[in-house]
Amino acid sequence: MEPIRINARLTLREYRSGIRYGTDALLLASFVRGRRNAKCADLGTGCGVIPLLLLASGRCGEARGFEVQAEYAALAAENVRENGMEGRF
C-alpha cells in the first residue's frame, strides 16, 4: 500500500485488494455545496476519501466518518493523520 495523490492537497492510502474508491467518490464530493463551517457525515467511509475531499476543498469544516470494518476504519484514521486533519475529522 503506497500513498496516491488525488489532488494538489490530498494524499490517500488504499488497499490494493478489496474495496477501493473510484470516480464516483470524486464526483460525489464535488457535487456537495457546503460551507467551511458545515458539518458532514459519511456512512461507510472506507478509507475516508469523501470527507477528506470535502475538508480539503472547504465544503465542510468538520467531518465524521463511520465504518464498521476495523481495517478500513484504521486506514481512514491513517489517511486523516497523513493529511493533517486530526482535529477536523
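With rounding to the nearest 0.5 angstrom, the SG atom of Cys40 is 9.5 Å from the CD1 atom of Ile50. The structure places SG of Cys60 at 9.5 Å from CG of Asn37, a figure rounded to the nearest 0.5 Å. In this structure, CG in Asn79 is found 5.0 Å from CG in Leu75, a value given to the nearest 0.5 Å.
The ring-ring contact (aromatic ring centres under 6.0 Å, His included) analysis of residues 68-89, with sequence neighbours excluded, yields the pairs Tyr15-Tyr72. Note on residues 44-66: pairs passing side chain to side chain donor-acceptor pair (under 3.5 Å), not counting sequence neighbours, are Asp42-Thr45, Glu62-Arg64.
Contact detail for Met85 and Leu10: the closest heavy-atom pair is CE-CD1, 4.3 Å. Across Pro51 and Ala63, no two heavy atoms sit closer than the pair CB-CB, 3.8 Å. The two residues Arg20 and Arg16 come nearest to each other via the heavy atoms NH1-O, 3.6 Å.
Between Leu52 and Arg88, every side-chain heavy-atom pair lies at or beyond the 4.5 Å cut-off.
If you chain together hydrophobic residues whose side chains sit under 4.5 Å apart, Leu12 and Val32 fall into the same group.
In this structure, Arg13 pairs ionically with Glu82, as a charged nitrogen and a carboxylate oxygen lie closer than 4.0 Å.
The closest donor-acceptor contact from the side chain of Glu67 to the backbone of Gln69 lies under 3.5 Å.
For CZ of Arg36, the number of neighbouring non-hydrogen atoms (other residues, nucleotides, ligands) closer than 6.0 Å is 12 at most.
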